[in-house]
Amino acid sequence: MMNLEYYQELNSAELKKLIQETRGKLGKKLFILAHYYQIDDIVDLSDAQGDSFALASQGAQNKEAQYIVFCGVRFMAEASATLAREGQRVFMPDTDAGCPLADLADIDQVEEAWQTLQEAGVAQDTIPITYMNSSSELKAFCGKNGGLVCTSSNAGKAFDWALKQKPKIFFFPDEHLGRNTANAKNIQESEIALWDPLKEHGANPNQDLQNAKVILWKGFCHVHTFFNLEQIKLMREKHPGCKIAVHPECPEHVVQAADGNGSTSYLKKFVEEDDSGKTLVIGTEINMVSRLAKHNPDKKVVPLARSLCPNMFKTSLADLAYVLENLPNVNEITVPDYIKNDAKLALERMLTLT
Ligand code: SF4
């Protein structure tokens with residue numbers, strides 16, 4: 001068994017050769033998944049590409065795959081391990097690749113907030129919803145408390161589902177996806193409360209929690225909050241008539257100033273299906289925007305600004321070669337059963353959204 005340092009000294013041609021050899025040896029037993037934000041070298045060597053939930057589902061649906069290697073960040077590999085079928089094992093090339101947004105809400109903070117909502121007489125009227133970009137513990141919390149998981153594609157449907165059952169939603173950990181979703185549902189600013197986990201009582205008097213229809217966790221993705229109105233203005237000046245689409249993790253004023261907003265899959269379609277001949281300006285992680293430009297050479301695709309996710313960037317060819325050559329002895333991601341069962345329940349409730 002070679003250690004990681006051994007692979008880090010090889011050049012990219014040597015690493016690609018090793019990776020291809022291992023893929024050849026393991027055949028269909030191996031399934032390499034790559035999130036859209038991974039670097040090109042990794043995407044090119046993967047078997048499937050997509051957003052976090054689509055990939056986790058594809059892993060579970062692949063009956064021949066025994067080893068799922070998830071090139072992404074930790075919450076994605078955990079979701080894959082949660083949904084994995086009997087006998088499947090999930091691995092990450094770099095287990096240090098986390099998600100700063102997911103880390104902005106931990107289970108102790110969420111339990112404490114829920115306790116405050118209970119004391120304010122609000123919890124019994126509230127459905128908790130966690131964004132896919134969260135730890136397994138938070139997904140399990142939602143499963144246990146009648147809530148569900150949502151993605152940036154189905155957040156609107158998740159809000160509808162929740163509000164049919166109870167009058168309030170507690171949404172974590174991304175304030176912006178929650179606010180943009182609430183705006184799309186015409187929920188008024190006065191009906192939204194912001195829960196700040198670092199402040200006493202979330203910085204909300206009981207009255208505000210009682211009045212709110214939606215309580216948003218004060219969390220954000222630094223990759224998407226990097227985008228601003230000035231960049232939109234500059235792009236409209238530089239590319240007159242351009243069309244701008246952004247991810248809903250961007251701040252509300254950026255989403256409102258864009259021509260469209262949606263998940264990574266939406267942004268991909270936005271480019272692929274456009275036949276206007278106009279410049280397409282995309283506000284999301286730079287590796288994905290560069291790939292969209294590369295794969296659509298007949299269109300002019302430019303980034304709203306360069307914004308890189310350093311955690312997605314962590315997974316290197318050396319990491320992938322290391323994990324593949326040492327399967328199944330290194331970097332396995334597991335979720336304990338007591339968390340997995342409730343987390344799965346919250347994910348399965350999401351699958352019922354129509
Ligand atoms: S882009 Fe944002 S949400 Fe996605 S992994 Fe990076 S920090 Fe997390």
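Keep in mind that what you see is a predicted model, and the values were worked out from it rather than measured. Throughout, numbering of the chain's residues begins at 1 and tracks the sequence. Both ligands and their constituent atoms are indexed starting at 1 by order of listing.
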**Asked** Do the rings of Phe170 and Trp195 sit parallel, tilted or perpendicular, given the 30° and 60° boundaries?
**Response** perpendicular
**Prompt:** Between Tyr37 and His35, what is the ring plane arrangement, given parallel below 30°, perpendicular above 60°, and tilted in between?
**Reply:** perpendicular
**Prompt:** Quick one: does His35 get within less than 4.0 Å of ligand 1, heavy atoms only?
**Reply:** no
**Prompt:** Going by the atom numbers of ligand 1, which of them fall below 4.0 Å from some non-hydrogen atom of Asn133?
**Reply:** 3 (S)
**Fill in**
ligand 1 to Glu249, heavy atom cutoff 4.0 Å, flagged ligand atoms 3 (S)
**Request:** Just the protein N/O/S atoms under 2.8 Å from atom 6 (Fe) of ligand 1, please, no waters.
**Result:** Cys309 SG
Enumerate donor-acceptor pairs with a distance under 3.5 Å from any side-chain N or O in residues 197-207 to protein atoms, sequence neighbours excluded.
| from | atom 1 | to | atom 2 | distance (Å) |
| --- | --- | --- | --- | --- |
| Lys199 | NZ | Asp196 | OD2 | 3.4 |
| His201 | ND1 | Asn204 | O | 2.6 |
| His201 | NE2 | Asn206 | OD1 | 3.2 |
| Asn204 | ND2 | Leu194 | O | 2.8 |
| Asn204 | ND2 | Gly202 | O | 2.9 |

**Asked** So with a 6.0 Å cut-off around NZ of Lys166, is the heavy-atom count from everything else above 12?
**Response** yes
**Request:** Measure the shortest side-chain to side-chain distance between Tyr7 and Leu18 over non-hydrogen atoms and say whether it is less than 4.5 angstrom.
**Result:** yes
**Prompt:** Under the salt bridge (Lys or Arg N to Asp or Glu O under 4.0 Å) test, which residues partner Glu119, sequence neighbours left out?
**Reply:** none
**Message:** Suppose we screen for salt bridge (Lys or Arg N to Asp or Glu O under 4.0 Å). Which residues come up paired with Glu252, at least two apart in sequence or across chains?
**Reply:** none
